[in-house]
Structures are given as C-alpha cells and as structure tokens.
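Right, one structure below, let's go through it.
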Amino acid sequence: MILTEEEMTAPAILARMLSRVPDDLDKREGSVIYDTLAAAAWEQSTTYRFLLQAYSEAWIETAVGTALDLLVGQMGLARLEASKSARRGVFTDSEGQPMAVPIGARFSSLDGAMSQNYVVTEEISAGQYRLEAEEAGAAANDYTGPLSPITHIDGLGSATLTDILILGEDEETDDALRSRYYDYIRSDIQQEGNANQYIAWASTYSGVGRAKVFPL
C-alpha cells in the first residue's frame, strides 16, 4: 500500500495505531497508551518526511539545490556561479576636466538601500576607468548615475557610473540548470565537433546569455 502525504502525518499515523488497540483499554488523550503511541507516531512521521525528501532528491525533475548539483554533476555539468558586473566610470576634477583616480579606489552608488560598491580595476582612457562590482550578481547592472567616493580622493569633482562593460549574472537557478541538463542529454553534444557541442561549451561561461554557431 502506498500512503499519501496526508496519511504520513503524525495525527493520521496515531489514529491508525489507536484503531488497532482494543476498545476495552483506555486510549483517551492523556492515557499511557495514547501518550506512548503519540510519541512513536511523531517519530514515524519524521521518518516518512525524510524518505519523501530523499525520493524527491533522487530525480532531476524534483531535485533542488545541492541535490540537483550532484545529479547533473554525474554528466559533467556544474551550476554557473554568480559573476561580477564590470562598468565604465567617468571622473572629472573640480574644473570638469578628466581626472586620474587610483587603482583600487572604492565608490558607492547613490541608490538608497539598494546601493552597490564598485572598485576601480584599470584605466580605459583619460578620466575613464573600468570598475568592478564588489558583490557578484545582476543587481550591480541596474544603477547608472553619480557615484559617492568611499576612498578619499583629493580634487575629485565628479564620479559617474555609465556603460555596462560586462553583465553581472546571478547564480544559475535550479530551473535554468535543469533545462541546460535536458538540453545536454537530449542533443548530440557527445559527438565531437558538432554545433551543439560548441553551444554547450560556450554556455558554461558566466556572462554568456546565448550562443549561436555558424558552420564553416
């Protein structure tokens, strides 16, 4: 007999246990029989919950989180990690002229509770620098506008966050990872050098949203 989830609850288990106790015995709530079986029913319901969880974690369709990571790992796949956004920063002095700022200088977006911190990583041109978000994820893509210096810089007139150079990506979701797994096993990726194999290879890199192959 296969039990439903409702039949695996502690009250349902206790009711079945009590139904097997002769009616001429005291099995009211608070009796020795009731209290003893209630404790056993609770423990058994916990075991059922663990069994249900273990069953759901054994299949790609229902596994989530670490369990899904382990299953797709059997095919050599791995969840794409969150990546950091890279942005262009424009800096001027008090006279509005392009200004040099030190590598490693830190700035914050003026975005209230959703503010993001960025660090200067390299110079692009006079007064323009590549900034990298300190935290990985897509949230750092959203803001464009004035920056507030965290690092003190003498003579700084303005700091502005402009273009997105590299999109920051959130960690791959369970649904996206599951979909990529199905694409992998249902295609002919295993055949060396075909288009699907190149698409699968390109899609393993954070920041790649979609790939298209142009055969020679």
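Bear in mind that the values here come from a model prediction, so they are computed numbers and not experimental data.
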Please report the C-alpha distance between Arg49 and Thr46 in whole Å, then the side-chain angles of each, then the deciding distance to 0.1 Å, and finally whether the side-chain hydrogen bond (donor to acceptor under 3.5 Å, both in side chains) criterion is met.
CA-CA 5 Å; Arg49 287 198 300 272; Thr46 302; 3.2 Å; yes
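Remark: Asp170 pairs with no residue by the salt bridge (Lys or Arg N to Asp or Glu O under 4.0 Å) rule, at least two apart or across chains. By the salt bridge (Lys or Arg N to Asp or Glu O under 4.0 Å) test, Asp35 is found to be paired with no residue, residues two or more places apart in sequence or in another chain being considered. Taking the salt bridge (Lys or Arg N to Asp or Glu O under 4.0 Å) definition, one finds that Glu169 meets it with nothing, sequence neighbours left out. Applying the salt bridge (Lys or Arg N to Asp or Glu O under 4.0 Å) test to Asp142 and every residue at least two apart in sequence or in another chain returns nothing. With sequence neighbours left out, Thr62 forms a side-chain hydrogen bond (donor to acceptor under 3.5 Å, both in side chains) with no residue at all. Listed by chain and number, the residues in a side-chain hydrogen bond (donor to acceptor under 3.5 Å, both in side chains) with Thr92 are Ser158 (sequence neighbours excluded). By the side-chain hydrogen bond (donor to acceptor under 3.5 Å, both in side chains) test, Glu43 is found to be paired with no residue, residues two or more places apart in sequence or in another chain being considered. Under the side-chain hydrogen bond (donor to acceptor under 3.5 Å, both in side chains) criterion, Thr121 pairs with Arg130, sequence neighbours left out.
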What donor-acceptor contacts under 3.5 angstrom involve side-chain atoms of residues 97-108, with partners at least two apart or in another chain?
unit_1 : atom_1 : unit_2 : atom_2 : d
Arg106 : NE     : Glu134 : OE2    : 2.5
Arg106 : NH2    : Glu134 : OE1    : 3.0
Arg106 : NH2    : Glu134 : OE2    : 3.2
Ser108 : OG     : Asn117 : OD1    : 3.3

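With a 4.5 Å cut-off on side-chain heavy atoms, Val120 and Leu131 count as touching. With a 4.5 Å cut-off on side-chain heavy atoms, Leu165 and Ile124 count as touching. Counting heavy atoms from C-beta on, the side chains of Asp26 and Ile33 never come closer than 4.5 Å. Between Tyr48 and Ile13, the closest side-chain pair of non-hydrogen atoms falls below 4.5 Å. Counting only heavy atoms from C-beta outward, the side chains of Ile166 and Glu132 never approach each other to under 4.5 Å. Side-chain contact between Leu14 and Tyr34 is present, with heavy atoms from C-beta onward closer than 4.5 Å.
For the atom pair CH2 of Trp42 and OG1 of Thr9, the computed distance is 13.5 Å after rounding to the nearest 0.5 Å. Note: Arg87 CZ to Gln116 CD = 10.0 Å, rounded to the nearest 0.5 Å. The distance from atom NZ of Lys27 to atom CG of Leu18, rounded to the nearest 0.5 Å, is 6.0 Å. Rounding to the nearest 0.5 angstrom, the gap separating the OH atom in Tyr184 from the CG atom in Leu77 is 6.0 Å.
Of the possible polar contacts, one joining the Tyr118 side chain to the Ala140 backbone as a donor-acceptor pair under 3.5 Å is found.
Between Arg178 and Asp175 there is a salt bridge, with a side-chain nitrogen of the basic residue lying less than 4.0 Å from a carboxylate oxygen of the acidic one.
Within the structure, side-chain hydrogen bond (donor to acceptor under 3.5 Å, both in side chains) contacts touching residues 68-80 (residues at least two apart or in different chains) are Asp69-Arg79, Arg79-Asp174. Among residues at least two apart or in separate chains, ring-ring contact (aromatic ring centres under 6.0 Å, His included) pairs with a member in residues 123-170 are Phe91-Tyr129. Pairs passing the salt bridge (Lys or Arg N to Asp or Glu O under 4.0 Å) check and including a residue from residues 91-101, sequence neighbours excluded, do not occur.
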